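All figures in this text were calculated on a predicted structure; none of them were measured in a lab.
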Amino acid sequence: MTDVKGFCESRFEAVRAALVALLSKGEVGASAAVYVDGEPVVDIWGGYADANRSVAWERDTITGVNSTTKNMTALCALILADRGELDLSAPVAAYWPEFAAAGKENVLVRHALSHTAGLPNLSGPTIVEELYDWESVTAGLAAQAPEWEPGTAAGYHALTFGFIVGEIVRRITGRSLGEFFAEEVAKPLGADFHIGLPTEHDHRVAPLIPPPSLTDEYAASAPVGPDSTRRENTGVAIRVKDANSPAWRRAQIPAVNGFGNARSVALVQSVLANQGSAGGVWVLSPEGCEPAWQDVFRGEDRVLGTPMCWTAGFGKFGNTFGWGGWGGSLVASDPDSRMTVAYVMNQMIDRDHQDDNRGMEIIMAAYSGLH
């Protein structure tokens with residue numbers, strides 16, 4: 001079914017054509033969205049919400065976006081920084097005193113946001129169920145020693161990113177990351193994105209589909225992100241079956257377990273590309289957006305095994321910033337053109353064995369509409 005629904009401004013017709021092409025080439029179900037100046041110019045979807053291709057992907061279908069969630073978690077930190085409640089240059093221990101243990105007294109908030117804190121692994125948990133115990137995971141992180149001198153090197157913090165930033169948010173606000181996001185971001189914007197998904201939304205969830213020829217035992221490579229590197233000591237192996245479980249939906253693992261679709265991902269992130277507002281709703285000030293695209297680290301990422309530029313919470317690629325998730329979801333924002341583009345799907349691709357350019361095809365198609 002290559003029938004694509006939704007609306008698409010005529011100048012962005014290439015985005016609709018790109019989604020039609022992906023669906024006709026075997027994509028199961030997907031959504032694509034483009035926001036310019038904080039307003040939607042493309043909001044389209046098509047295909048199926050299930051592997052059997054029996055349930056249509058609808059306007060309000062949502063799915064797990066894995067590490068695309070990191071963009072949302074980072075935004076929460078930037079909001080608190082914009083309000084003067086969080087200093088990105090302060091030690092994490094200023095807000096979370098126990099974190100100073102084992103030589104981490106000089107880990108700054110910006111180190112945690114830019115994957116340079118020296119804590120790429122969770123040393124404690126060995127099974128997914130242990131990730132659901134927030135107090136235990138964060139206590140373990142507070143006791144851990146960094147693998148390198150904080151700020152001197154980067155190594156993708158696949159899971160630890162969300163627990164560190166989430167605990168900072170909790171210490172400042174008294175609210176979990178998911179609660180803060182729901183009340184301060186999703187609700188005012190009217191964004192259908194959730195970190196800790198309430199049961200009443202289960203019927204709308206399109207389960208993630210393992211890559212072709214693989215089963216739901218398929219597990220994330222070391223980082224749960226857009227890369228193809230493996231290394232030792234990666235801690236918990238997260239499988240597709242875990243990411244599709246009710247327990248995973250209820251939990252808060254703010255680096256990786258957000259649920260949404262392209263519309264909600266693009267809407268939320270568009271505030272950073274549009275000087276702090278979307279749809280007339282101000283989430284933060286123009287100045288408060290700037291850390292999203294200001295370099296914190298540039299060089300080889302020890303985990304990803306590739307040159308990276310990290311800002312306060314985002315990967316930076318040329319003029320754009322954002323990040324993607326295990327399996328293929330992706331969001332990119334361009335503050336120069338005030339555009340945000342998102343792609344969210346249920347069919348995963350294993351980047352270790354196959355190129356996955358789906359999100360990039362949508363992004364390039366969106367750029368063609370700006371000219």
Side-chain angles (χ1 to χ4, degrees), residues 32-38 65-82 88 109-116 154-158 161-162 165 181 185 189 191 193 223-227 254-256 258 260 262 264-278 283-301 303-304 306-325 328-344 357 359-360 362-364 366-367 370:
V34 182
Y35 276 67
V36 177
D37 296 323
V65 301
N66 297 321
S67 282
T68 299
T69 311
K70 287 182 172 70
N71 300 280
M72 309 301 180
T73 297
L75 174 60
C76 292
L78 296 190
I79 290 169
L80 289 175
D82 191 45
L88 301 182
V109 175
R110 67 161 39 90
H111 294 154
L113 284 164
S114 62
H115 304 269
T116 61
Y156 185 55
H157 287 38
F161 178 93
V165 177
F181 178 85
V185 181
L189 289 172
F193 193 94
V224 189
D227 65 273
V256 293
S264 60
V265 171
L267 166 58
V268 171
Q269 292 300 305
S270 72
V271 302
L272 292 170
N274 189 47
Q275 300 197 320
S277 74
V283 178
L284 69 176
S285 72
E287 300 74 31
C289 299
E290 293 176 4
W293 61 80
Q294 292 172 339
D295 296 14
V296 176
F297 176 89
R298 189 179 284 271
E300 185 84 3
D301 185 290
V303 173
L304 302 182
T306 186
M308 274 298 303
C309 178
W310 292 112
T311 72
F314 303 86
K316 184 177 173 186
F317 309 90
N319 294 335
T320 69
F321 64 91
W323 197 240
S329 63
L330 185 63
V331 63
S333 293
D334 182 342
D336 294 338
S337 58
R338 293 160 77 123
M339 179 173 77
T340 298
V341 187
Y343 185 68
V344 171
N357 299 314
M360 283 306 301
I362 297 295
I363 290 169
M364 297 316 294
Y367 270 101
L370 290 177

Considering non-hydrogen atoms only, spot the tightest contact between [X] and [Y] and give its length.
{"X": "A266", "Y": "A33", "value": "CB-CB, 3.9 Å"}
{"X": "G162", "Y": "T73", "value": "CA-CG2, 4.4 Å"}
{"X": "S114", "Y": "T116", "value": "OG-OG1, 3.0 Å"}
{"X": "A366", "Y": "V34", "value": "CB-CG2, 3.9 Å"}
{"X": "T311", "Y": "P291", "value": "CB-O, 3.5 Å"}
{"X": "V344", "Y": "G260", "value": "CG1-O, 3.9 Å"}

About how many Å separate [atom2] of [Y] and [atom1] of [X], when rounded to the nearest 0.5 Å?
{"X": "F321", "Y": "Q269", "atom1": "CZ", "atom2": "CD", "value": "7.0 Å"}
{"X": "H157", "Y": "L113", "atom1": "NE2", "atom2": "CG", "value": "10.5 Å"}
{"X": "T320", "Y": "F314", "atom1": "OG1", "atom2": "CZ", "value": "12.0 Å"}
{"X": "I363", "Y": "M339", "atom1": "CD1", "atom2": "CE", "value": "8.0 Å"}
{"X": "E290", "Y": "S285", "atom1": "CD", "atom2": "OG", "value": "8.0 Å"}
{"X": "M308", "Y": "R298", "atom1": "CE", "atom2": "CZ", "value": "9.5 Å"}

Side-chain H-bond candidate by donor/acceptor type, N274 with Y35, under 3.5 Å: no
Should [X] and [Y] count as side-chain neighbours, where that means a heavy-atom distance under 4.5 Å?
{"X": "L88", "Y": "V109", "value": "yes"}
{"X": "W293", "Y": "S333", "value": "no"}
{"X": "C289", "Y": "L284", "value": "yes"}
{"X": "F193", "Y": "T69", "value": "yes"}
{"X": "V268", "Y": "V331", "value": "no"}
{"X": "H115", "Y": "V296", "value": "no"}

Exam field: side chain K70 to backbone G324, donor-acceptor pair closer than 3.5 Å: no
Contacts of type side-chain hydrogen bond (donor to acceptor under 3.5 Å, both in side chains), residue T306, not counting sequence neighbours: none
Option among W323, F297, F161 that satisfies the ring-ring contact (aromatic ring centres under 6.0 Å, His included) test with Y156: W323
Side chain to side chain contact (heavy atoms under 4.5 Å, CB included) between M72 and V265, worked out: CA-CA 8 Å; M72 309 301 180; V265 171; 4.0 Å; yes
